[in-house]
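Some notes on the structure that comes next.
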Protein chains: 2
Amino acid sequence: MARQLDHEARDRAVVEASWRVIAREGMTALTVRSVAKEADLAPSSLRYSFPTQSSVRERAISAVLERLQERVVALPEDAHWGENALLELMPVDGEKHTEAIVWLALEMAAVADVDLQPVRARANAYIRTVCHDVAAWLGSSSEDLVDQLHAFVDGLTLHVVVRDECTPQWAERALRIYLDEVRERIAAGVQN
Amino acid sequence: MARQLDHEARDRAVVEASWRVIAREGMTALTVRSVAKEADLAPSSLRYSFPTQSSVRERAISAVLERLQERVVALPEDAHWGENALLELMPVDGEKHTEAIVWLALEMAAVADVDLQPVRARANAYIRTVCHDVAAWLGSSSEDLVDQLHAFVDGLTLHVVVRDECTPQWAERALRIYLDEVRERIAAGVQN
DNA sequence: TTTATTCTCGCACAGCTGTGCTACTATCTC
DNA sequence: GAGATAGTAGCACAGCTGTGCGAGAATAAA
C-alpha cells in the first residue's frame, strides 16, 4: 500500500474552500483552479479527489443541506424550538450567511443546470419539512401556513443576503413579529 | 451622413435576447457571442451598440426595472389596485417569469459584482416603495408591514421560479390568503 | 456622382476554462 | 530491505472568453 489520505478532512477542506469562493466571487468563479488555490492544493491534487468540476459544485451544494440538517437535528426541544428551527434556516450569523449565499446561488444555477435540480429539490423538500414541523409546533396543520412560513423565511433570507440595510437582527425581529401574529391567529381559531 | 440604425429597436432586441439567454442558460452563459447569436447579430455588430460584455449585462438588468415600473404605473387605481400591484412584482405569467429569473439572477450576481450593486439597490428600493404604497392602500403605515409584504412577495417569487410544484396560481392564492389576514389584523386595529 | 459617415463584420490575440495523460514521490505491506 | 500503490504534480491541448483593430459595405448629404 501507500500513504493514506484523510478523505474526510480533504472533503471538508474542499467544501469550505468552495463555499468561500462562491460567497466571495459568485458561482461563476467556482473553477477547478480557484478552488484548488483556495484550499491550498495543486489543481491536479484536487482533481484526484474531485475528478470533474461539476463534482466539486455538487458537493459544495449538498454539503449545505447536510450542515443544515445537522444543526436542526441538534436543536434542543425546548419552549423556543420553533423560532430556533426557522432561525437555523436563515443567515443570522457569519457561517449561515455564507451557506445562504451558496444556497441561493444554487437555486438560481439549478434553473439552467439540470444536474443540480435533484439536490435543489431535496433541500427544498427538507426546508418545507422543517416549516411543516414548525407549523405543527405552533398548533396548526394548515398547508397554507406551511407555504406562508416557507415563503416568508426564504424571503427574509434573500433580503439579508441581498439588501444592505437588512441585518440578522432585522430578520430575527421580523420573524418574531410574524410568528406572534400567526400565534394570535391560531389562538383566535381562525385556522386549524 | 450614413445609414441610420434604429437604436431603440436594437436596444429592445438585445435586451430581450439577453433575457432569453439568462432564463434558459443562466447568467454564466450571458456572453457576447451567445447574446449576439440569440439576437441574430454578428458579435462585432452587437459590440458596436454594446462595446463591453458588462454593458450588455447592466442593460439587461436595468431593463427589468424599467419594465416593472411601466407596468406598475399603468395599473388602474380600482378596488384591487393593491393585489394587482403586488402581482406585477411576481412571476404570474410567462413574460414576468422570465423577468423574475433575470431579476433573481442579478440579485445573486450583485453579491460578488460591485458594478451591479447600484442597479440592484435601485430596484429593491423601488419594490419597497410599491410595498409601502400597498401597505398604505391596506390602511397601514407600519414599516414592519412593509418589510413583511416585501419579504413575502420576494419569497413567493423565489418559490415560483425555483420550486416545480409552485405555479402562478399557487402564488396568487397564497398572496390572497396572506392579504386577507393582513386586512383582518388591520381591521382589528392590532397595528396601524 | 462624389464624399463623408455610420455601421457591419472578420480576424487575431491573450487569457481563461475543463480535462487527459504521464512522471514522480512518499508511504504502507511484505 | 523490496515492491506495490495511493496520492501529488506538471504539462499539453482544444475550446471558450472579452476585446482591439482594420477593412469593407451601405447610405445620407454635397
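Each chain gets a letter, A, B and so on, in the order the sequences are listed, and its residues count up from 1.
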[X]/[Y] ion pair, N-O < 4.0 Å:
X      : Y      : result
B:R71  : B:E66  : no
B:E38  : B:R24  : yes
B:E83  : B:R173 : no
B:D115 : B:R57  : no

If I take atom [atom1] in residue [X] and atom [atom2] in nucleotide [N], what distance separates them, rounded to the nearest angstrom?
X     : N      : atom1 : atom2 : value
A:L46 : C:dT19 : CG    : P     : 11 Å
B:K37 : D:dT17 : NZ    : C1'   : 16 Å
A:H7  : D:dA6  : NE2   : C1'   : 8 Å
A:Y48 : C:dT22 : OH    : C1'   : 15 Å
B:Q53 : D:dC16 : CD    : P     : 17 Å
B:Q4  : C:dT8  : CD    : P     : 11 Å

Next item on the list: Identify whether any heavy atom of A:T52 sits under 4.0 Å from a base atom; if not, whether one sits that close to sugar-phosphate; answer base, sugar-phosphate or nothing.
Entry: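 Here A:T52 touches the backbone only, sparing every base.
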Item checked: N or O in side chain of A:R57 less than 4.0 angstrom from C:dG18 OP1/OP2 ->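 So the side chain of A:R57 is outside the cut-off, no N or O lying under 4.0 Å from OP1 or OP2 of C:dG18.
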Margin query: So, using salt bridge (charged side-chain N to carboxylate O under 4.0 Å, His left out) as the criterion, who are the partners of B:R33 when residues are at least two apart?
Written below: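 With sequence neighbours excluded, B:R33 shows a salt bridge (charged side-chain N to carboxylate O under 4.0 Å, His left out) to no residue whatsoever.
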Show the distances under 3.5 angstrom between N or O atoms of the protein and N or O atoms of nucleotides 9-12 of chain C.
unit_1	atom_1	unit_2	atom_2	d
C:dC9	OP2	B:S45	OG	2.9
C:dG10	N7	B:S44	OG	2.6
C:dG10	O6	B:S44	OG	3.0

Notebook entry, point to check: Can B:Q117 and A:D164 be counted as having a side-chain donor-acceptor contact under 3.5 angstrom?
Noted result: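 No, A:D164 and B:Q117 have no side-chain donor paired with an acceptor closer than 3.5 Å.
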Note to self: Can you see whether B:W170 engages A:D147 through a side-chain donor-acceptor pair at a distance of less than 3.5 angstrom?
What the structure shows: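 On atom types as modelled, these side chains qualify, holding a pair under 3.5 Å.
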Where do N or O atoms of nucleotides 23-25 of chain C meet protein N or O atoms at under 3.5 Å, pair by pair?
unit_1	atom_1	unit_2	atom_2	d
C:dT25	O2	A:R3	NH2	3.3

Margin query: Can you confirm whether A:H97 is buried at NE2, in the sense that more than 12 heavy atoms of other residues, nucleotides or ligands lie under 6.0 Å from that atom?
Written below: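 Above 12, so yes.
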Next item on the list: Tell me which nucleotide among D:dT17, C:dG18, C:dT8 gets nearest to the side chain of A:V32.
Entry: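 The answer is C:dG18.
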